[in-house]
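Reminder, nothing fancy here: chain letters follow the sequence lines and each chain counts from 1.
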There are 2 protein chains.
Amino acid sequence: MSIIFSRQCEYALQAVLYLALQPRGTLTSSKDLTTRLGVPYHFLGKIMQSLTRKGLLRSQKGSSGGFALALPPKDITLFHIVEAIDGVDFTKKCVLGFPECSGKNPCAVHHQWAGLRENIYEMLVRKNIAEMAKETKKPEFRAR
Amino acid sequence: MSIIFSRQCEYALQAVLYLALQPRGTLTSSKDLTTRLGVPYHFLGKIMQSLTRKGLLRSQKGSSGGFALALPPKDITLFHIVEAIDGVDFTKKCVLGFPECSGKNPCAVHHQWAGLRENIYEMLVRKNIAEMAKETKKPEFRAR
DNA sequence: GCGTAATCAGATATTATTGTCTTAATTATA
DNA sequence: TATAATTAAGACAATAATATCTGATTACGC
(Lines give C-alpha, C1' and ligand atoms only; values in the text may rest on other atoms or scores of the structure.)
Protein backbone atom coordinates (compact mmCIF):
# COMPACT_ATOMS: atom_id res chain seq x y z
CA MET A 1 0.00 0.00 0.00
CA SER A 2 1.41 3.34 -1.08
CA ILE A 3 1.53 6.09 1.51
CA ILE A 4 2.34 9.72 1.28
CA PHE A 5 2.35 10.74 4.92
CA SER A 6 2.12 8.52 7.98
CA ARG A 7 -1.15 8.30 9.84
CA GLN A 8 0.42 10.25 12.68
CA CYS A 9 1.15 13.00 10.24
CA GLU A 10 -2.36 12.98 8.84
CA TYR A 11 -3.77 13.31 12.35
CA ALA A 12 -1.35 16.15 13.04
CA LEU A 13 -2.41 18.00 9.91
CA GLN A 14 -6.07 17.59 10.80
CA ALA A 15 -5.54 18.70 14.38
CA VAL A 16 -3.56 21.80 13.51
CA LEU A 17 -6.14 22.79 10.92
CA TYR A 18 -8.87 22.31 13.48
CA LEU A 19 -7.05 24.53 15.97
CA ALA A 20 -6.72 27.20 13.32
CA LEU A 21 -10.50 27.21 12.93
CA GLN A 22 -11.06 28.02 16.59
CA PRO A 23 -11.24 31.63 17.78
CA ARG A 24 -7.78 33.06 18.40
CA GLY A 25 -6.67 32.54 21.98
CA THR A 26 -9.01 29.70 22.87
CA LEU A 27 -7.75 26.34 24.03
CA THR A 28 -8.95 23.04 22.59
CA SER A 29 -8.56 19.79 24.49
CA SER A 30 -7.43 16.46 23.06
CA LYS A 31 -10.81 15.10 24.05
CA ASP A 32 -12.51 17.69 21.94
CA LEU A 33 -10.24 17.02 18.98
CA THR A 34 -10.67 13.30 19.27
CA THR A 35 -14.45 13.48 18.98
CA ARG A 36 -14.43 16.11 16.25
CA LEU A 37 -11.85 14.36 14.13
CA GLY A 38 -12.70 10.77 14.97
CA VAL A 39 -9.14 9.78 15.74
CA PRO A 40 -7.85 7.71 18.68
CA TYR A 41 -7.55 9.72 21.87
CA HIS A 42 -4.27 8.63 23.39
CA PHE A 43 -2.52 8.38 20.07
CA LEU A 44 -3.57 11.92 19.28
CA GLY A 45 -2.33 12.95 22.70
CA LYS A 46 1.16 11.77 21.81
CA ILE A 47 1.07 13.64 18.54
CA MET A 48 -0.04 16.84 20.24
CA GLN A 49 2.86 16.46 22.63
CA SER A 50 5.28 16.17 19.70
CA LEU A 51 3.87 19.23 18.02
CA THR A 52 4.14 21.13 21.28
CA ARG A 53 7.76 20.08 21.84
CA LYS A 54 8.54 21.15 18.29
CA GLY A 55 7.15 24.59 19.05
CA LEU A 56 4.19 24.55 16.69
CA LEU A 57 1.63 24.38 19.49
CA ARG A 58 1.42 25.64 23.01
CA SER A 59 -0.29 23.66 25.72
CA GLN A 60 -1.84 24.39 29.04
CA LYS A 61 -2.18 21.75 31.68
CA GLY A 62 -4.91 21.39 34.24
CA SER A 63 -8.64 21.72 34.18
CA SER A 64 -9.88 23.71 31.19
CA GLY A 65 -6.44 23.26 29.67
CA GLY A 66 -5.76 22.31 26.09
CA PHE A 67 -3.83 23.27 22.98
CA ALA A 68 -3.56 26.26 20.71
CA LEU A 69 -1.33 27.31 17.87
CA ALA A 70 1.95 28.74 19.09
CA LEU A 71 2.26 30.96 16.02
CA PRO A 72 -0.08 32.97 13.84
CA PRO A 73 -1.79 30.55 11.42
CA LYS A 74 -0.22 32.27 8.43
CA ASP A 75 3.21 31.42 9.81
CA ILE A 76 2.53 27.68 10.01
CA THR A 77 2.85 25.81 6.74
CA LEU A 78 2.01 22.25 5.83
CA PHE A 79 5.72 21.68 5.51
CA HIS A 80 6.31 22.68 9.14
CA ILE A 81 3.89 20.03 10.30
CA VAL A 82 5.16 17.29 7.99
CA GLU A 83 8.72 18.11 8.94
CA ALA A 84 7.88 17.90 12.66
CA ILE A 85 6.18 14.51 12.43
CA ASP A 86 7.50 12.58 9.43
CA GLY A 87 10.74 14.38 8.75
CA VAL A 88 11.95 15.49 5.36
CA ASP A 89 13.53 12.33 3.94
CA PHE A 90 10.97 12.29 1.16
CA THR A 91 12.70 15.29 -0.36
CA LYS A 92 15.77 13.20 -1.09
CA LYS A 93 14.76 9.57 -1.19
CA CYS A 94 15.05 7.63 -4.46
CA VAL A 95 11.63 6.64 -5.74
CA LEU A 96 12.97 3.28 -6.91
CA GLY A 97 14.63 2.73 -3.53
CA PHE A 98 18.22 2.66 -4.77
CA PRO A 99 20.29 3.58 -1.75
CA GLU A 100 23.02 5.42 -3.62
CA CYS A 101 20.90 7.24 -6.13
CA SER A 102 21.78 10.93 -6.33
CA GLY A 103 22.21 13.72 -8.81
CA LYS A 104 25.70 12.46 -9.63
CA ASN A 105 24.65 8.85 -9.83
CA PRO A 106 21.02 9.05 -10.89
CA CYS A 107 18.57 6.22 -11.38
CA ALA A 108 16.54 6.07 -14.56
CA VAL A 109 13.83 8.39 -13.25
CA HIS A 110 15.84 10.50 -10.85
CA HIS A 111 15.48 13.81 -12.65
CA GLN A 112 11.84 13.44 -13.53
CA TRP A 113 11.03 12.43 -10.01
CA ALA A 114 13.02 15.34 -8.64
CA GLY A 115 10.71 17.63 -10.58
CA LEU A 116 7.54 16.09 -9.19
CA ARG A 117 8.97 16.09 -5.71
CA GLU A 118 9.86 19.73 -6.04
CA ASN A 119 6.26 20.51 -6.95
CA ILE A 120 5.09 18.77 -3.82
CA TYR A 121 7.68 20.54 -1.73
CA GLU A 122 6.66 23.92 -3.11
CA MET A 123 3.05 23.25 -2.37
CA LEU A 124 3.78 22.21 1.21
CA VAL A 125 5.97 25.23 1.84
CA ARG A 126 3.56 27.71 0.26
CA LYS A 127 0.38 26.46 1.85
CA ASN A 128 -0.15 28.00 5.24
CA ILE A 129 -2.77 27.13 7.77
CA ALA A 130 -4.52 30.50 7.66
CA GLU A 131 -5.21 30.05 3.98
CA MET A 132 -6.45 26.54 4.55
CA ALA A 133 -8.69 27.60 7.39
CA LYS A 134 -10.28 30.21 5.15
CA GLU A 135 -11.07 27.52 2.61
CA THR A 136 -12.65 25.38 5.27
CA LYS A 137 -15.85 27.19 6.12
CA LYS A 138 -17.95 24.81 8.17
CA PRO A 139 -16.99 24.07 11.77
CA GLU A 140 -18.37 20.54 11.53
CA PHE A 141 -15.87 19.55 8.90
CA ARG A 142 -14.97 16.20 10.35
CA ALA A 143 -16.28 14.45 7.28
CA ARG A 144 -13.68 16.08 5.11
CA MET B 1 8.37 8.75 8.05
CA SER B 2 6.83 9.67 4.73
CA ILE B 3 6.73 6.95 2.11
CA ILE B 4 5.80 6.95 -1.50
CA PHE B 5 5.90 3.25 -2.29
CA SER B 6 6.29 0.30 0.07
CA ARG B 7 9.63 -1.45 0.29
CA GLN B 8 8.11 -4.43 -1.48
CA CYS B 9 7.22 -2.15 -4.32
CA GLU B 10 10.70 -0.63 -4.47
CA TYR B 11 12.21 -4.10 -4.69
CA ALA B 12 9.75 -5.02 -7.41
CA LEU B 13 10.64 -1.93 -9.43
CA GLN B 14 14.35 -2.67 -9.09
CA ALA B 15 13.91 -6.32 -10.02
CA VAL B 16 11.82 -5.65 -13.10
CA LEU B 17 14.28 -3.03 -14.27
CA TYR B 18 17.11 -5.48 -13.77
CA LEU B 19 15.32 -8.12 -15.82
CA ALA B 20 14.82 -5.60 -18.59
CA LEU B 21 18.57 -5.08 -18.72
CA GLN B 22 19.24 -8.75 -19.41
CA PRO B 23 19.36 -10.11 -22.96
CA ARG B 24 15.89 -10.91 -24.25
CA GLY B 25 14.92 -14.50 -23.56
CA THR B 26 17.37 -15.17 -20.74
CA LEU B 27 16.25 -16.22 -17.29
CA THR B 28 17.49 -14.59 -14.10
CA SER B 29 17.27 -16.36 -10.76
CA SER B 30 16.19 -14.83 -7.47
CA LYS B 31 19.64 -15.62 -6.16
CA ASP B 32 21.19 -13.57 -8.89
CA LEU B 33 18.81 -10.68 -8.28
CA THR B 34 19.36 -10.78 -4.55
CA THR B 35 23.12 -10.39 -4.85
CA ARG B 36 22.95 -7.78 -7.60
CA LEU B 37 20.33 -5.67 -5.87
CA GLY B 38 21.30 -6.34 -2.27
CA VAL B 39 17.80 -7.16 -1.15
CA PRO B 40 16.65 -10.04 1.09
CA TYR B 41 16.44 -13.32 -0.78
CA HIS B 42 13.22 -14.90 0.45
CA PHE B 43 11.37 -11.63 0.62
CA LEU B 44 12.29 -10.97 -2.98
CA GLY B 45 11.14 -14.48 -3.83
CA LYS B 46 7.65 -13.65 -2.59
CA ILE B 47 7.58 -10.47 -4.60
CA MET B 48 8.68 -12.28 -7.76
CA GLN B 49 5.86 -14.74 -7.19
CA SER B 50 3.36 -11.89 -6.96
CA LEU B 51 4.61 -10.29 -10.13
CA THR B 52 4.42 -13.65 -11.88
CA ARG B 53 0.86 -14.27 -10.71
CA LYS B 54 -0.08 -10.79 -11.91
CA GLY B 55 1.23 -11.67 -15.36
CA LEU B 56 4.11 -9.20 -15.49
CA LEU B 57 6.77 -11.92 -15.27
CA ARG B 58 7.06 -15.49 -16.40
CA SER B 59 8.93 -18.03 -14.33
CA GLN B 60 10.61 -21.33 -14.95
CA LYS B 61 11.14 -23.83 -12.17
CA GLY B 62 13.99 -26.23 -11.76
CA SER B 63 17.69 -26.08 -12.35
CA SER B 64 18.75 -23.11 -14.45
CA GLY B 65 15.28 -21.73 -13.98
CA GLY B 66 14.45 -18.15 -13.12
CA PHE B 67 12.38 -15.17 -14.16
CA ALA B 68 11.95 -13.04 -17.24
CA LEU B 69 9.58 -10.31 -18.35
CA ALA B 70 6.32 -11.73 -19.63
CA LEU B 71 5.83 -8.78 -21.98
CA PRO B 72 8.05 -6.59 -24.16
CA PRO B 73 9.73 -4.01 -21.89
CA LYS B 74 8.02 -1.16 -23.69
CA ASP B 75 4.66 -2.61 -22.68
CA ILE B 76 5.45 -2.61 -18.96
CA THR B 77 5.07 0.73 -17.23
CA LEU B 78 5.98 1.83 -13.73
CA PHE B 79 2.28 2.05 -13.08
CA HIS B 80 1.77 -1.63 -13.90
CA ILE B 81 4.31 -2.59 -11.27
CA VAL B 82 3.03 -0.21 -8.61
CA GLU B 83 -0.52 -1.31 -9.29
CA ALA B 84 0.46 -4.97 -8.93
CA ILE B 85 2.23 -4.54 -5.60
CA ASP B 86 0.86 -1.50 -3.78
CA GLY B 87 -2.44 -0.98 -5.51
CA VAL B 88 -3.79 2.32 -6.74
CA ASP B 89 -5.31 3.86 -3.62
CA PHE B 90 -2.85 6.72 -3.76
CA THR B 91 -4.72 8.04 -6.79
CA LYS B 92 -7.76 8.79 -4.64
CA LYS B 93 -6.63 9.12 -1.05
CA CYS B 94 -6.97 12.47 0.73
CA VAL B 95 -3.56 13.90 1.54
CA LEU B 96 -4.83 15.19 4.90
CA GLY B 97 -6.37 11.79 5.65
CA PHE B 98 -9.98 12.94 5.78
CA PRO B 99 -11.98 9.82 5.06
CA GLU B 100 -14.83 11.53 3.22
CA CYS B 101 -12.84 14.02 1.23
CA SER B 102 -13.84 14.01 -2.43
CA GLY B 103 -14.43 16.35 -5.33
CA LYS B 104 -17.90 17.12 -4.00
CA ASN B 105 -16.75 17.52 -0.45
CA PRO B 106 -13.16 18.70 -0.80
CA CYS B 107 -10.64 19.38 1.93
CA ALA B 108 -8.69 22.61 1.87
CA VAL B 109 -6.01 21.27 -0.46
CA HIS B 110 -8.02 18.72 -2.41
CA HIS B 111 -7.81 20.36 -5.81
CA GLN B 112 -4.19 21.35 -5.58
CA TRP B 113 -3.25 17.91 -4.43
CA ALA B 114 -5.26 16.33 -7.21
CA GLY B 115 -3.09 18.23 -9.66
CA LEU B 116 0.15 17.00 -8.15
CA ARG B 117 -1.16 13.48 -7.94
CA GLU B 118 -2.17 13.60 -11.57
CA ASN B 119 1.38 14.56 -12.49
CA ILE B 120 2.70 11.55 -10.62
CA TYR B 121 0.12 9.31 -12.23
CA GLU B 122 1.01 10.56 -15.69
CA MET B 123 4.66 9.95 -15.08
CA LEU B 124 4.06 6.40 -13.86
CA VAL B 125 1.81 5.57 -16.78
CA ARG B 126 4.10 7.10 -19.39
CA LYS B 127 7.35 5.67 -18.16
CA ASN B 128 7.96 2.22 -19.58
CA ILE B 129 10.68 -0.19 -18.66
CA ALA B 130 12.34 -0.17 -22.08
CA GLU B 131 12.92 3.54 -21.81
CA MET B 132 14.27 3.17 -18.31
CA ALA B 133 16.59 0.37 -19.31
CA LYS B 134 18.02 2.53 -22.05
CA GLU B 135 18.79 5.21 -19.50
CA THR B 136 20.54 2.69 -17.29
CA LYS B 137 23.69 1.80 -19.16
CA LYS B 138 25.89 -0.09 -16.74
CA PRO B 139 25.06 -3.67 -15.78
CA GLU B 140 26.58 -3.17 -12.33
CA PHE B 141 24.03 -0.59 -11.38
CA ARG B 142 23.27 -1.95 -7.92
CA ALA B 143 24.46 1.29 -6.37
CA ARG B 144 21.73 3.24 -8.04
C1' DG C 1 -7.76 23.88 50.20
C1' DC C 2 -10.21 20.14 47.36
C1' DG C 3 -11.94 17.96 43.58
C1' DT C 4 -11.97 17.71 38.81
C1' DA C 5 -10.17 17.78 34.35
C1' DA C 6 -6.60 18.33 31.67
C1' DT C 7 -1.49 17.56 29.78
C1' DC C 8 2.69 14.66 30.22
C1' DA C 9 5.28 10.46 30.35
C1' DG C 10 6.24 5.85 30.01
C1' DA C 11 4.82 1.07 29.74
C1' DT C 12 2.18 -2.18 27.35
C1' DA C 13 -0.74 -4.21 23.59
C1' DT C 14 -2.13 -4.80 18.89
C1' DT C 15 -1.56 -4.85 14.03
C1' DA C 16 0.93 -4.41 9.69
C1' DT C 17 5.11 -4.81 7.33
C1' DT C 18 9.30 -6.84 6.52
C1' DG C 19 12.21 -10.66 6.70
C1' DT C 20 13.47 -15.81 7.52
C1' DC C 21 13.00 -20.79 7.53
C1' DT C 22 11.52 -25.22 5.93
C1' DT C 23 9.66 -28.30 2.78
C1' DA C 24 7.72 -29.69 -1.60
C1' DA C 25 7.59 -29.70 -6.54
C1' DT C 26 9.95 -29.06 -10.80
C1' DT C 27 13.46 -29.36 -14.37
C1' DA C 28 18.03 -28.99 -16.65
C1' DT C 29 22.12 -31.46 -16.84
C1' DA C 30 25.64 -34.66 -15.81
C1' DT D 1 18.36 -41.97 -13.66
C1' DA D 2 20.37 -39.20 -9.99
C1' DT D 3 21.73 -34.85 -8.53
C1' DA D 4 21.64 -30.19 -7.98
C1' DA D 5 19.47 -25.90 -8.55
C1' DT D 6 15.59 -23.59 -8.84
C1' DT D 7 10.50 -21.75 -8.09
C1' DA D 8 6.36 -22.24 -5.02
C1' DA D 9 4.03 -22.20 -0.75
C1' DG D 10 3.14 -21.68 3.87
C1' DA D 11 4.58 -21.20 8.57
C1' DC D 12 7.17 -18.53 11.54
C1' DA D 13 10.04 -14.45 13.48
C1' DA D 14 11.44 -9.74 13.95
C1' DT D 15 10.57 -5.02 13.53
C1' DA D 16 7.94 -0.88 13.02
C1' DA D 17 3.68 1.58 13.27
C1' DT D 18 -0.48 2.28 15.52
C1' DA D 19 -3.23 2.20 19.52
C1' DT D 20 -4.27 1.67 24.58
C1' DC D 21 -3.59 1.88 29.51
C1' DT D 22 -1.94 3.71 33.88
C1' DG D 23 -0.17 6.94 36.87
C1' DA D 24 1.88 11.42 37.71
C1' DT D 25 1.67 16.32 37.54
C1' DT D 26 -0.61 20.66 36.88
C1' DA D 27 -4.06 24.24 37.26
C1' DC D 28 -8.79 25.97 37.20
C1' DG D 29 -13.01 26.66 39.80
C1' DC D 30 -15.84 25.69 43.60
Side-chain angles (χ1 to χ4, degrees), chain A residues 1-15 19 22 25-70 82 85-87 89-90 97 99, chain B residues 1-15 19 22 25-70 85-87 89 97 99:
Chain A
M1 163 76 157
S2 305
I3 297 182
I4 303 296
F5 301 125
S6 69
R7 198 168 303 179
Q8 275 194 66
C9 192
E10 290 179 353
Y11 293 166
L13 293 163
Q14 294 181 21
L19 292 182
Q22 304 317 117
T26 64
L27 292 170
T28 306
S29 68
S30 288
K31 193 170 158 230
D32 218 354
L33 285 162
T34 224
T35 57
R36 295 313 186 96
L37 300 173
V39 308
Y41 176 66
H42 289 96
F43 194 36
L44 181 63
K46 297 292 183 200
I47 296 164
M48 300 304 281
Q49 284 177 41
S50 295
L51 292 171
T52 304
R53 277 194 295 264
K54 298 281 165 106
L56 294 177
L57 304 182
R58 67 186 177 82
S59 67
Q60 185 180 306
K61 293 185 185 177
S63 183
S64 76
F67 298 89
L69 303 183
V82 170
I85 302 295
D86 275 354
D89 283 4
F90 84 94
Chain B
M1 163 78 157
S2 305
I3 296 183
I4 303 296
F5 302 125
S6 70
R7 198 168 303 180
Q8 275 193 66
C9 193
E10 290 179 353
Y11 293 166
L13 292 163
Q14 294 181 21
L19 292 182
Q22 304 316 118
T26 65
L27 292 170
T28 305
S29 68
S30 288
K31 193 171 157 230
D32 218 355
L33 285 162
T34 224
T35 57
R36 295 313 186 95
L37 300 173
V39 308
Y41 177 65
H42 288 96
F43 194 35
L44 181 64
K46 297 291 181 199
I47 296 165
M48 301 304 281
Q49 284 178 42
S50 294
L51 292 171
T52 303
R53 277 195 295 266
K54 298 281 165 105
L56 294 177
L57 304 183
R58 68 187 177 82
S59 67
Q60 186 181 306
K61 293 185 186 175
S63 181
S64 76
F67 298 89
L69 303 182
I85 302 294
D86 275 354
D89 283 5

Quiz item: How close or far is atom C1' of dA16(C) from atom CD of Gln8(A), stated in whole angstroms?
Solution: 15 Å

Quiz prompt | Listed nucleotide nearest any side-chain atom of Phe67(A), set dC8(C), dA28(C), dA17(D) | solution = dC8(C)

Practice problem: May I have the distance from Asp86(B) (atom CG) to dA16(C) (atom C1'), rounded to whole angstrom? | Solution: 13 Å

Restricting to nitrogen or oxygen on both sides, can you table the protein-nucleotides 20-26 of chain C pairs closer than 3.5 Å?
| unit_1 | atom_1 | unit_2 | atom_2 | d |
| --- | --- | --- | --- | --- |
| dT26(C) | O2 | Gly62(B) | N | 3.3 |

Exercise. Let me know the distance between CE of Met1(B) and C1' of dT17(C), rounded to the nearest Å.
Key: 14 Å

Quiz item: Is any side-chain nitrogen or oxygen of Ser30(A) closer than 4.0 Å to OP1 or OP2 of dT7(C)?
Solution: yes

Quiz item: For Lys31(A) and dC8(C), what is the distance between atoms NZ and P respectively, to the nearest whole Å?
Solution: 17 Å

Self-check item: Side-chain donor or acceptor of Ser59(A) paired with backbone N/O of Phe67(A) under 3.5 Å
Solution: no

Contacts under 3.5 angstrom, residues 43-56 of chain A side chains, donor-acceptor by atom type, not counting sequence neighbours:
| unit_1 | atom_1 | unit_2 | atom_2 | d |
| --- | --- | --- | --- | --- |
| Ser50(A) | OG | Lys46(A) | O | 3.4 |
| Thr52(A) | OG1 | Met48(A) | O | 2.7 |
| Lys54(A) | NZ | Ala84(A) | O | 3.1 |

Quiz item: Separation of Leu37(A) atom CG from dA19(D) atom P, in whole Å?
Solution: 13 Å

Self-check item: Distance, rounded to the nearest Å, where Leu19(A) contributes CG and dT7(C) contributes P
Solution: 11 Å

Quiz prompt | Distance (rounded to the nearest 0.5 Å) between Gln60(B) CD and Arg58(B) CZ | solution = 7.0 Å

Self-check item: Minimum heavy-atom distance Ser29(B)-Gly65(B), with the two atoms named
Solution: CB-O, 4.2 Å

Quiz item: Within the distance-only criterion (no hydrogens, no angle test), does the side chain of Asp86(A) pair as donor or acceptor with the backbone N or O of Ser6(A) below 3.5 angstrom?
Solution: yes

Quiz prompt | Phe90(A) and Val82(A), any side-chain heavy atoms less than 4.5 Å apart | solution = yes

Quiz prompt | Gap between atom CG of Leu37(A) and atom CG of Leu13(A) - 0.5 Å precision | solution = 11.0 Å

Quiz item: At under 4.0 Å, does any side-chain N or O of Arg7(A) touch on OP1 or OP2 of dA19(D)?
Solution: yes

Quiz item: Is there a donor-acceptor contact under 3.5 Å from the side chain of Gln14(A) to the main chain of Gly97(B)?
Solution: yes

Quiz item: Under 4.0 Å between a side-chain N or O of Tyr11(B) and OP1 or OP2 of dT18(C)?
Solution: no

Exercise. Write down the distance between CE (Met48(B)) and C1' (dA9(D)), rounded to a whole number of angstrom.
Key: 16 Å

Quiz item: Between atom CG of Leu27(B) and atom CG of Asp32(B), what is the distance when rounded to the nearest 0.5 Å?
Solution: 11.0 Å

Quiz item: Tell me: CD1 of Ile85(A) to P of dT18(D), nearest whole Å?
Solution: 11 Å

Quiz prompt | Close residues, residues 49-60 of chain A, relative to DNA chain C [heavy-atom separation under 4.0 Å] | solution = Gln49(A), Arg53(A), Ser59(A), Gln60(A)

Quiz item: Heavy atoms under 4.0 Å, any strand shown: does Gly45(B) hit a base, just sugar-phosphate, or nothing?
Solution: nothing

